[in-house]
Amino acid sequence: TVTDPATLRSELRSIIDRKIAFDRGELDEKWRCVASPIVVDGDAIGAISVSGPADEMQGKRLEEDTAGLVSSTAKTIELELL
């Protein structure tokens, strides 16, 4: 869990820039989640996320594979809503 204000601001900036957020066990150490906003006309109108058990959602599977699928799906939904 991020507790330092400067680190939190940096993390939030990264989330905004990348349009992807991770829960790496901050709420429940046994679960991981990756999420991406659905943005239309500059407004976040929803989000898509995938959650799973920590032993299945780690490393490349979480950081690259699942994150890529979630981000791609959010983008596809955005394009459908234009």
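Side-chain atoms are counted along with the backbone in the values below, which use heavy atoms only and exclude waters and symmetry mates. Note that the numbering runs from 1 along the sequence shown for the chain.
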Next on the checklist: Between Val50 and Leu69, is the side-chain contact (heavy atoms from CB on, under 4.5 Å) condition met? List the steps.
Outcome noted: CA-CA 9 Å; Val50 172; Leu69 290 170; over 6 Å; no

Item to check | Leu81/Ile45 under side-chain contact (heavy atoms from CB on, under 4.5 Å): CA gap, chis, key distance, verdict | outcome: CA-CA 10 Å; Leu81 293 174; Ile45 62 164; 3.5 Å; yes

Pairwise side-chain contact, [X] with [Y], heavy-atom cut-off 4.5 Å (strictly under):
| X | Y | value |
| --- | --- | --- |
| Arg61 | Glu56 | yes |
| Glu63 | Phe22 | yes |
| Thr66 | Met57 | yes |

Checklist entry - So, the side chain of Glu80 versus the backbone of Glu78: is there a donor-acceptor pair under 3.5 Å, distance only? => result no

Checklist entry - Sequence neighbours excluded, which residues qualify as side-chain hydrogen bond (donor to acceptor under 3.5 Å, both in side chains) partners of Lys30? => result none

Item to check | Greater than 12 external heavy atoms within 6.0 Å of Leu27's CG | outcome: no

Checklist entry - Would the number of heavy atoms belonging to other residues, nucleotides or ligands and lying under 6.0 Å from CG of Asp41 be above 12? => result no

Item to check | Partners passing side-chain contact (heavy atoms from CB on, under 4.5 Å) against Arg9 (at least two apart in sequence or in another chain) | outcome: Pro5, Ala6

Item to check | Candidate pair Lys60 and Asp65, rule side-chain contact (heavy atoms from CB on, under 4.5 Å), full reasoning | outcome: CA-CA 6 Å; Lys60 182 181 180 291; Asp65 300 342; 2.8 Å; yes

Next on the checklist: Between Ile20 and Val34, does the side-chain contact (heavy atoms from CB on, under 4.5 Å) criterion hold? Intermediate values first, please.
Outcome noted: CA-CA 7 Å; Ile20 200 90; Val34 60; 3.7 Å; yes

